[in-house]
Amino acid sequence: RKEVEQDPGPFNVPEGATVAFNCTYSNSASQSFFWYRQDCRKEPKLLMSVYSSGNEDGRFTAQLHRASQYSSLLIRDSKLSDSATYLCVVKDYGKLTFGQGTILTVHP
Amino acid sequence: ETGVTQTPRHLVMGMTNKKSLKCEQHLGHNAMYWYKQSAKKPLELMFVYSLEERVENNSVPSRFSPECPNSSHLFLHLHTLQPEDSALYLCASSQAQGTNTGELFFGEGSRLTVL
């Protein structure tokens, strides 16, 4: 089993749609969780951290489900500019492990 | 100055060439990283330097040789590479490797093609 697993997609959604991605992780002792965003031909950038109680930032909501060992990212009211690859990242004792990424395309 | 800059942005080299990738960070961070990003694969951590000391080397072939002369600069020396080494090489920096923060600041990457 991969350490961090994501559905690669692509997810194609119309503007205004709500879309959710999941990310599963294999190490139940993993400490911290993050979502990064990578635009086409650009570097990854931190989108948000995932707290045990959940984290909301505008249209984006990240949640952690420790018992089931997965994290989710929800995007509401999708914009064209949300088109990107979303990377799930798990941190264990200082080591960051990246998922493969989920490709999102938002169309008019 | 942007946070993390990488040069060159694009590099084409033959299998017998020797070249180097350069990374410079202007953020005052004390940890720097090299990652490899291949198509349809997760980012692979190659090397980590914390306070200029190499703290992680993920079984990377010896044809890749890192160098960290100070906390602001990181190099990746390349020699006798293989075509499968063609990828995007990303440099990143962070405040401190052992903290709870998961924020890495990446450079735009050096796209390497090995012929």
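Being a predicted model, the structure only gives us computed values, none of them experimental. Below, chains carry the letters A, B, ... as their sequence lines are ordered, and counting in each starts from 1.
In the hydrophobic clustering of ILVMFWY residues, with side-chain heavy atoms under 4.5 Å counting as a link, B/Leu78 and B/Leu115 come out apart. Residues A/Leu87 and A/Ile75 do not share a hydrophobic cluster, clusters being chains of Ile/Leu/Val/Met/Phe/Trp/Tyr side chains in contact below 4.5 Å. Under the 4.5 Å side-chain contact rule for hydrophobic residues, A/Tyr86 and A/Val106 share a cluster. No path of Ile, Leu, Val, Met, Phe, Trp and Tyr side chains, each step under 4.5 Å between heavy atoms, connects B/Tyr49 with B/Val4, placing them in separate hydrophobic clusters. One hydrophobic cluster holds both A/Phe21 and A/Val90 under the rule that ILVMFWY side chains link at heavy-atom gaps under 4.5 Å.
Using a 4.5 Å cut-off between heavy atoms, B/Leu43 touches chain A through backbone and side chain atoms alike. Contacts of A/Pro8 with chain B are absent, with no heavy-atom separation under 4.5 Å from either backbone or side chain. Contacts of A/Glu3 with chain B are absent, with no heavy-atom separation under 4.5 Å from either backbone or side chain. In this structure, the portion of B/Tyr35 lying under 4.5 Å from any heavy atom of chain A is its side chain and not its backbone.
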Open item on the list: Is there a side-chain hydrogen bond (donor to acceptor under 3.5 Å, both in side chains) between A/Gln38 and B/Gln37? Walk through the geometry before answering.
Closed with: CA-CA 12 Å; A/Gln38 186 172 20; B/Gln37 188 172 38; 2.9 Å; yes
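Heavy-atom pairs under 4.5 Å with chain B peak, among A/Lys42, A/Glu43, A/Lys45, at A/Glu43.
The environment of B/Glu44 atom CD is dense: over 12 non-hydrogen atoms of other residues, nucleotides or ligands sit within 6.0 angstrom. Within 6.0 Å of CD in B/Glu53 there are 12 or fewer heavy atoms belonging to other residues, nucleotides or ligands.
In plain terms, the two heavy atoms of B/Pro42 and A/Phe98 that are nearest each other are CB-O, 3.3 Å. Heavy-atom minimum distance, B/Lys40 versus A/Gln100: O-NE2, 3.2 Å.
Residue B/Leu104 is tested with A/Val89, A/Leu96, A/Leu46 for a side-chain contact (heavy atoms from CB on, under 4.5 Å); the sole match is A/Leu96.
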